[in-house]
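Counting begins at 1 with the first residue of the sequence. Indexing begins at 1, ligand by ligand and atom by atom, following the structure's order.
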Amino acid sequence: MIIKNINLETVCGITSKLPENDKPEIAFAGKSNVGKSSLINALMNRKSFARISATPGKTQTINFYNINDALYLVDLPGYGYAKVSQQEKEKWGKMIERYLHSSKQLRAVFLLIDIRHEPSANDKMMYDWVVSQGYNPIIIATKQDKLKRSQIDKHVKMLRQGLKLVPGTRIIPFSSVTKQGRDEIWELVETELLD
Ligand code: GDP
């Protein structure tokens with residue numbers, strides 16, 4: 001994808017009306033600090049367009065980035081941030097649920113998981129939940145530059161087993177440092193998810 005223009009077109013807070021976009025949407029979910037902003041910046045070829053959080057989980061919004069007037073990258077709020085109250089977490093759960101149900105343009109959900117560690121209880125819950133909402137998320141295994149090349153296959157297997165992925169689910173190792181995986185993600189989006 002050649003990025004010609006990007007625009008943070010809509011920012012939804014908890015009570016905001018969700019936009020009714022007429023272009024395909026691709027959503028990104030993951031626990032805070034997993035590298036979601038860094039991934040979105042890498043996909044957009046920008047250094048710091050999407051917020052890279054110094055204080056994880058602080059800004060809780062759904063952000064719609066218009067790419068070339070052709071599609072939207074949708075940044076869902078990071079989950080698993082301990083300092084957010086239970087009540088707040090539930091509100092956000094409902095907001096994301098509302099988005100997943102109401103969007104007419106959502107083509108795929110990418111779920112980001114840190115490649116280094118066993119998936120957390122929150123990661124498993126999020127995966128099962130997205131599946132229960134009728135989507136089969138594509139897994140992005142983030143921060144792959146932190147592993148030796150020889151460890152990657154083993155860790156991909158660990159994620160597959162830990163999350164009990166539906167057979168055939170794709171896992172794409174990614175690094176925002178080396179940009180490994182970036183082209184593969186765009187290719188998948190362009191060849192399989194856009195009209
Ligand atoms: P978010 O909270 O999920 O949006 O995560 P951020 O993109 O803000 O990243 C959280 C932290 O992880 C920051 O310090 C990033 O620099 C770091 N980070 C993100 N992606 C990578 C990666 O691919 N490799 C490495 N080594 N660090 C990363």
Side-chain angles (χ1 to χ4, degrees), residues 3 6 8-14 25-65 67 72-85 88-89 91-93 95-96 99-100 108-127 129-130 137-156 158-159 162-163 170-189:
I3 308 292
I6 55 173
L8 174 53
E9 196 173 281
T10 313
V11 176
C12 287
I14 214 150
E25 296 171 355
I26 313 290
F28 297 87
K31 73 172 176 236
S32 25
N33 227 30
V34 71
K36 187 155 54 64
S37 312
S38 303
L39 167 71
I40 292 172
N41 282 323
L43 291 174
M44 300 191 299
N45 286 342
R46 295 293 192 279
K47 274 210 163 65
S48 57
F49 199 85
R51 58 190 141 78
I52 296 195
S53 35
T55 40
K58 209 176 162 221
T59 322
Q60 293 285 67
T61 51
I62 301 183
N63 294 354
F64 292 79
Y65 294 93
I67 310 293
Y72 291 90
L73 301 184
V74 181
D75 188 0
L76 299 172
Y79 56 85
Y81 183 53
K83 285 191 184 156
V84 176
S85 72
E88 195 75 359
K89 282 179 193 162
K91 273 198 223 159
W92 270 109
M95 175 77 168
I96 298 174
Y99 169 65
L100 295 181
V109 177
F110 285 87
L111 179 59
L112 279 66
I113 309 280
D114 192 321
I115 198 168
R116 291 172 294 174
H117 314 297
E118 285 278 351
S120 67
N122 268 331
D123 290 331
K124 291 182 200 175
M125 233 162 60
M126 189 67 183
Y127 174 73
W129 187 66
V130 174
I138 298 153
I139 307 298
I140 311 268
T142 62
K143 307 194 183 184
Q144 79 135 26
D145 57 282
K146 299 243 186 189
L147 292 183
K148 292 200 193 93
R149 224 161 242 291
S150 59
Q151 296 175 295
I152 290 172
D153 284 353
K154 195 178 89 193
H155 282 248
V156 164
M158 174 184 86
L159 297 191
L163 292 167
R170 251 176 294 192
I171 303 185
I172 304 177
F174 175 79
S175 164
S176 61
V177 175
T178 65
K179 308 292 186 282
Q180 170 76 39
R182 180 187 180 278
D183 293 349
E184 192 180 338
I185 295 168
W186 269 129
E187 194 179 313
L188 190 157
V189 170

(request) For ligand 1, indicate whether the residue Asp145 contacts it via side chain, backbone, both or neither (heavy-atom separation under 4.0 Å). (result) side chain
(message) Just to be sure I read this right, does ligand 1 sit under 4.0 Å from the backbone of Lys146, its side chain, both, or neither, counting only heavy atoms?
(response) side chain
Quick check on contacts: which atoms of ligand 1 are under 4.0 angstrom from a heavy atom of [X]?
| X | result |
| --- | --- |
| Ser175 | 23 (O) |
| Lys36 | 1 (P), 3 (O), 4 (O), 5 (O), 7 (O) |
| Ser176 | 19 (C), 20 (N), 21 (C), 22 (C), 23 (O) |
| Ser38 | 6 (P), 7 (O), 9 (O), 19 (C), 20 (N) |
| Gly35 | 1 (P), 3 (O), 5 (O), 6 (P), 7 (O), 9 (O), 19 (C), 20 (N) |

(message) Within a 6.0 Å radius of atom CD on Glu9, are there more than 12 heavy atoms belonging to other residues, nucleotides or ligands?
(response) yes
Using atom types as modelled and distance alone, determine if a side-chain donor or acceptor of [X] lies under 3.5 Å from a backbone N or O of [Y].
| X | Y | value |
| --- | --- | --- |
| Lys146 | Ile115 | no |
| Thr61 | Asn63 | no |
| Ser32 | Gly78 | no |

(message) One pair to check against side-chain hydrogen bond (donor to acceptor under 3.5 Å, both in side chains): Ser120 and Asn122. What are the steps and the verdict?
(response) CA-CA 5 Å; Ser120 67; Asn122 268 331; 5.1 Å; no
(message) With side-chain contact (heavy atoms from CB on, under 4.5 Å) as the test, pick out the partner of Phe110 among Leu188, Leu43, Val130.
(response) Leu188
(message) Counting only nitrogen or oxygen atoms and a 3.5 angstrom limit, does Lys143 reach ligand 1?
(response) yes
(message) For a 4.5 angstrom cut-off between non-hydrogen side-chain atoms, does Ile26 reach Tyr65?
(response) no
(message) Please state which option from Asn33, Asp75, Thr142, Asp114 has its nearest heavy atom closest to atom 11 (C) of ligand 1.
(response) Asn33
